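Structure, as structure tokens:
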Amino acid sequence: MEFSHKAIEQKWQKYWAEHNTFATNTNFNKKAYILDMFPYPSGAGLHVGHPKGYTATDVISRMRRLQQYNVLHPIGWDAFGLPAEQYALQTGNDPADFTLKNIDNFRNQLKALGFSYDYQKEVNTSAPWYFKTTQWIFEKLYQQGLAEVREVDVNWCPELGTVLANEEVFVVDGKMVSERGSFPVYKKPMKQWVLKITAYAEQLISGLDELDWPQSVKDLQKNWIGKSVGAEIKFAVADMSEEVTVFSTRADTIFGVEYLVLAPEHPLVLSLVTPENLAATKEYLELVKTKTELDRQDTSKEKTGVFLGRYAINPVNNKKIPIWTADYVLSHYGTGAVMAVPGHDERDYLFAMKYNLPISYVIKNNNNNGPFLKDGEHINSDFLDGLNTDQASEKALGFLGGKGLAQPKVTYKLKDWLFSRQRYWGEPFPIIHWEDGSISLVPEAELPLTLPKMDNITPSSTGESPLANATDWLTVVDATGKKGRRETNTMPQWAGSCWYYLAYPLMTGQEEMLDLASPEGQAALKEWLPVDLYVGGQEHAVLHLLYARFWHKVLFDQNLVPTSEPFIKLVNQGMILGPDGSKMSKSKGNVINPDDIIKSHGADSLRLYEMFMGPIEASLPWSETGLDSMRKWLDRIYRLVKNNNFTTVNDKTLDFAYHQMVKKTTEMLENLSFNTAISQLMVFINACYKTDQPIYQPYFEGFTKILSCFAPHLAEEIWNNFGHQASIANEQWPIYETKYLQKTAIIVAVQVNGKLRAKLEVAVDTPEAELLLLAKEHENIQGILATHDILKEIVVKNKIVNFVVKAR
Ligand code: ANZ
């Protein structure tokens, strides 16, 4: 007998919506804020990977609700972004309309999966009532000196007349070209908003310690921030008053310095270069503009550079060393200049080999061949001879520091965050540039600053965003007649997702949100923060989580959020791969659409299957047979309910099976071990099938409550069949009693010389000595012992008694 998933699912989804079953509750004294990484509402709709994480959080949310927690389990839309803008460009549609249509589609798909979201709390980052606060937080950052305008290199494509995002640029033959049309792309400095995330580098590292996050994600964040402890060392330039300051973590190698390298973008390059070397240098600087940073750092690529015609003086031995510019040195790391030690650094070595620069060794090694990268006894280093790296570094820095030529310096790989995009479909900056050169914020009371409606959002050929064409919107005149121009850049998609977890608690109804700083808003944040469980893809391990933590810490420092970290526990769900084990992709044609599965097998089967596939963190291939067997299991439960007698008198046959199931599933779900919890539910159903007695109904109802986390539609139906009127979602989580977990009797085998001779029915954990006695008293054994001597007695508790005997 099969159940009609279509009828059941529609019935209960309608019931939940009408009864507002999953409204955020506040009746209890414990809270659980359970968050999904919200989706970008793409035109393609949900894909089968989305429900994995979403079901996991839904199971936990439903469990917490049954455990009488106040539960906040919301969803929303990360709705600004490039795809909608590109679609709008191609079709002439408004990205706002298109986005709303996609959102409706996504919402319907989520509802069809039976998730227990509180849709009253839904947020949409592209809605003015939402981005009002995104702009307000930007104003806070600006007021704190954490947002400023800088000249930053962008990917400029003259043919397309637009600036391209990194993902829109490809590298062909070592040069950047546009994804669209393969036109050349150049680095071009443009005025951009930058957020000073580096000011929080240290806090972003140390804060990781208190988080229950996968170690791999913590490591990724740490490496991304890339703290490096070293020193800045000054080198005088021969015959000039300039000096070059380098950042080095290896002051110990200072006697091995053979040349200095400036990044091509270093401001000193053009002031140091001699007239004879100017032309070659300029040509080189142009070439570098076509390269990506990744390419420049790639050790397998041939190193390039030019000699500037100048020399520096090594402060420890007054040796004259040439100054070069080369693109393997990056302008934004350290000081953008390095002291090159080809004997002990791989990149310097490759460069020296290519340009025939001298290579000397200052650490003892056997072959003086290739760069020697290990620690060891220092040589050819005057007062550092005989020391190891740490000692030599300390001594060298002491010496240089004494002369004012060195100071300790901590550097981070993390860069300040380029926060401008030359796009239409993003949050406008609440910024006015006045004709006198001053900048001011749009007054708080005038927020949100909305996007102008534009018929045509093609790029303005100057590299500015399409907003530069919105003349009316653009021009501002103040009360005194002073003219201003609005900022034409928009914020990146990250902006809206940096604080959306703060927005949910602030939502008071559809499209209604409290101000973050209002007393009510602050109370709501105190009530719900931090997020207790955050589930999402590993692809957000670095940027989204780092950016959100940064904003959170800035708000924390202003007493606007109650905790120093936003997300206490983080889980990355694994991917669902195609049936062939490779990543699902349109081009491979191995994409599974959840709508199809909902039609064929039902939402409950899909939810169960995705939770049963394996550990939540594992990436596993989709299997149709796996899905089928989940459906069959649900049918098996349904048949049991329809065909069996239930009783309110406990005949005790299911005591152990039930209490064991409750105990184990509860523990397993606390540990997010969904697949093993489902196995326990299966064990219980098997036990129900085994008994020929009527099933004790309260036990089966307890099972149904746990099942409702995974398969909520069928569970509601069963609950209803038992005569309950209200939703199972408002019931209480079943509790187990330890007294039932003691199986009263077990069978212990008694063997003689390896042959089974008797069985003892004894209490669990009967002590060895007692087992031995009982065995010897058994009539079968007594008979044997009457004619045999015991050579050996082996007793294993709860299992076996074995006698080794010899005939007398
Ligand atoms: C001399 C030296 C000798 C170095 C040696 C290394 C080994 P981490 O640990 O990653 O911070 N460096 C400094 N600034 C750079 C820049 N802007 N672009 C490329 N390389 C740069 O690396 C620090 C080391 O990277 C520094 O220490 C410097 O080279 C180089 F045997 O100085 B070292």
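We count ligands from 1, going down the list as the structure has it; atoms in each ligand are counted the same way. Only a predicted model underlies this, so the values are computations on that prediction, with no experimental measurement involved. These numbers come from the heavy atoms of this one structure, side chains and all, not from hydrogens, waters or symmetry mates.
Results of the ring-ring contact (aromatic ring centres under 6.0 Å, His included) test with Tyr355 over Tyr259, Phe307, Trp324 single out Trp324 as the only residue that passes.
Classification of the Trp417-Phe419 ring pair by plane angle, with boundaries at 30° and 60°, yields perpendicular. Using cut-offs of 30° and 60° on the angle between ring planes, the pair Tyr500 and Tyr534 is tilted. Relative orientation of the Phe399 and Phe383 rings is tilted, given thresholds of 30° and 60° on the angle between their planes.
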Contact table ligand 1 N or O to protein N or O, d under 3.5 Å:
residue, atom, partner, partner atom, Å
ligand 1, 10 (O), Lys413, NZ, 2.7
ligand 1, 11 (O), Ser228, OG, 2.5
ligand 1, 11 (O), Tyr333, OH, 2.4
ligand 1, 17 (N), Leu330, O, 2.7
ligand 1, 17 (N), Tyr333, O, 2.9
ligand 1, 18 (N), Leu330, N, 3.0
ligand 1, 27 (O), Thr249, N, 3.1
ligand 1, 27 (O), Thr249, OG1, 3.3
ligand 1, 32 (O), Ser248, OG, 2.7

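Taking the six-membered ring for Trp, Tyr361 and Phe372 have ring centres at least 6.0 Å apart.
Salt bridge status for Glu293 with Lys415: present, with a side-chain N to carboxylate O gap under 4.0 Å.
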